[in-house]
Amino acid sequence: MHESIDLTDPQQRNQAAGEYVLGTLSPEEKASFEALLAFSPDLQQEVQHWREHLQSLNDSLKPITPPKRVWQAIEQEIQPRRWYESLKLWQLTSAVSFSFMLAMGSVLLLQQPTMKNSSSDYVYVVNSQEEKPAWLVNTSMDRTNIMVQTVQPPKLESGMACKLWLKMNGEYVMLGTLPHEGLGKYTVPMPYRKQLVNAEVLVSIEPMHKEVAPEDMGPVVDRGNFMPFNGSTRRF
Amino acid sequence: MKATDSDQLELKKLLARCSEKDARALKKLYQSTSSHLFAVVLRILKNESHAEDCLQQVFIKIWNNAGQYNADIAKPMTWLSTIARNQSLDWLRRYKNDQLNDGDEVLTEMSDNYQDTDHIAQRWQASDQVHHCLGTLNKDQRQCIELAYFDGYSHQELSDRLMEPLGTVKTWIRRGLERLKSCMNQSI
């Protein structure tokens with residue numbers, strides 16, 4: 001039932017160009033077509049004409065404005081240095097590594113036990129622009145809370161703060177402002193607890209005392225996923 | 001038609017400036033085209049969160065490859081849309097086994113919620129020619145072509161989904177493409 005396309009026939013070749021752009025050529029047909037395409041300016045032009053014809057499908061869609069955060073993320077990616085300079089965010093210090101070790105030690109060993117040990121919990125390290133640890137984010141054993149240990153927080157412009165977000169199943173939820181020092185504790189809303197360890201952690205820069213909706217989220221300075229932390233003796 | 005030509009010219013200039021790493025040009029390009037490209041990405045991925053991430057990658061790709069745009073070969077909006085569609089279809093294949101779709105209601109809701117669309121995209125979308133030519137396709141032809149174009153369906157997948165013989169599906173596509181081409185050529 002399989003009929004191969006005769007690429008020497010102008011009509012079939014043009015039809016193949018349309019199906020090439022549409023994406024319905026079989027892998028074999030596509031390979032033959034691309035072999036010819038590489039050498040044939042005429043065929044390249046036919047493909048381009050088909051792209052213009054099928055562009056009508058794109059043009060028929062109703063435009064939808066993306067949320068502001070998409071542009072903010074793009075801007076940050078193409079101009080990381082300029083963004084860094086304009087916000088004057090992160091503090092460089094030679095003692096960061098030492099602080100990190102110290103904080104890790106205090107988190108893991110020195111706090112008073114209030115819960116039983118567990119063989120595995122989940123951690124995310126929020127890094128500064130210089131890839132230095134700024135905060136340690138931990139899930140509580142029962143996933144009802146998130147604990148944050150300050151390591152080396154960034155210096156921000158007056159009135160600005162780092163906010164902690166979770167992204168789960170495409171939804172964003174803001175947990176609160178990250179602490180300037182010591183420990184912070186954040187309650188995880190009930191619907192997010194079950195899947196908490198699969199959530200993406202985001203940190204954005206926002207005005208200190210302003211409630212921010214996800215669509216108005218400011219520049220995201222770090223994001224990533226929790227990692228299982230085996231053998232933890234952390235106690236919250 | 002005049003307005004569209006000037007829009008195309010403006011986009012060409014912006015792409016040229018992007019190739020020289022002019023970030024302000026990318027911002028303008030984004031303001032002019034993002035709602036149109038987001039509609040393409042969202043139509044393919046049907047998931048708002050993935051569509052946002054994908055759109056971000058689309059514009060990074062545009063930024064990195066603007067120098068490869070050739071105004072003699074392609075209209076700027078077609079070139080931009082091709083990047084958006086290819087990136088989205090790649091994304092779709094990569095996450096095929098994940099539960100990607102929020103469902104068609106996402107598209108409807110977003111269309112209702114986001115009214116603040118950019119002017120160029122609105123003019124494109126409102127083009128009579130576009131609606132006229134797509135309107136020359138019958139229901140089966142249009143459905144097959146849209147499923148292949150936006151959802152990456154192969155002939156066999158279309159045949160399975162529509163529960164029609166493979167030959168019938170191939171004929172719908174072939175005749176649909178012929179009609180579309182004929183209409184678009186007449187409109188030029």
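What you are looking at is a predicted structure, and each value in this text was computed from that prediction instead of being measured. As a basis for the values below, the full set of heavy atoms in this structure was taken, side chains included, without hydrogen atoms, waters or symmetry mates.
- Across A:G170 and B:S49, no two heavy atoms sit closer than the pair CA-CB, 3.4 Å.
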Checklist entry - Please walk me through it: do B:K181 and A:W50 pass side-chain contact (heavy atoms from CB on, under 4.5 Å)? => result CA-CA 8 Å; B:K181 178 185 159 190; A:W50 274 108; 3.6 Å; yes

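- To the nearest 0.5 Å, atoms CD1 (B:I60) and CD1 (A:I74) are separated by 6.0 Å.
- Taking NE2 of B:H36 as the reference point, atom NZ of A:K62 lies at 14.5 Å (rounded to 0.5 Å).
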Checklist entry - Is there a side-chain contact (heavy atoms from CB on, under 4.5 Å) between B:Y153 and A:T24 once you walk through the steps? => result CA-CA 7 Å; B:Y153 277 63; A:T24 48; over 6 Å; no

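- Side-chain contact between B:Y30 and A:P66: present, with at least one pair of heavy atoms (C-beta onward) separated by less than 4.5 Å.
- Put simply, CG on B:L80 and CD on A:Q55 are 9.0 Å apart, with the number rounded to the nearest 0.5 Å.
- Heavy-atom distances place no part of B:K21 under 4.5 Å from chain A, backbone and side chain included.
- Using a 4.5 Å cut-off on side-chain heavy atoms (C-beta onward), B:N185 and A:H53 make contact.
- Nearest approach of B:I145 to A:L22, heavy atoms of both residues: O-CD1, 3.5 Å.
- Tested against B:F38 for a side-chain contact (heavy atoms from CB on, under 4.5 Å), the candidates A:I64, A:T65, A:V70 yield a single pass: A:I64.
- Surrounding NZ of A:K185 are at most 12 heavy atoms belonging to other residues, nucleotides or ligands under 6.0 Å away.
- Summarising the geometry of A:S56 relative to B:M184, their closest heavy-atom pair is CB-CE, 4.1 Å, with the distance given to 0.1 Å.
- Listed here is the closest heavy atom pair of B:R85 and A:G23: NH2-N, 4.4 Å.
- Counting all heavy atoms, side chain and backbone alike, B:L177 lies closest to A:G18 at CD1-C, 4.0 Å.
- Residue A:E171 does not touch chain B at all, counting heavy-atom pairs closer than 4.5 Å.
- Within a 6.0 Å radius of CZ in B:R175, other residues, nucleotides and ligands contribute 12 heavy atoms or fewer.
- Between atom CD of residue B:E52 and atom NZ of residue A:K167 there is a gap of 6.5 Å, rounded to the nearest 0.5 Å.
- Within the 4.5 angstrom heavy-atom criterion, only side-chain atoms of B:T82, from C-beta onward, approach chain A.
- Proximity to chain A (any heavy atom under 4.5 Å) is shown, for B:N64, by neither the backbone nor the side chain.
- Proximity to chain A (any heavy atom under 4.5 Å) is shown, for B:L89, by neither the backbone nor the side chain.
- From A:E19, atom CD reaches atom CZ of B:R174 across 9.0 Å, with rounding to the nearest 0.5 Å.
- Between A:N58 and B:Y149, some side-chain heavy-atom pair lies under the 4.5 Å cut-off.
- Taking every heavy atom of both residues into account, B:I73 and A:Q48 meet most closely at O-CG, 2.9 Å.
- Rounded to the nearest 0.5 angstrom, A:S26 OG and B:Q156 CD are separated by 11.5 Å.
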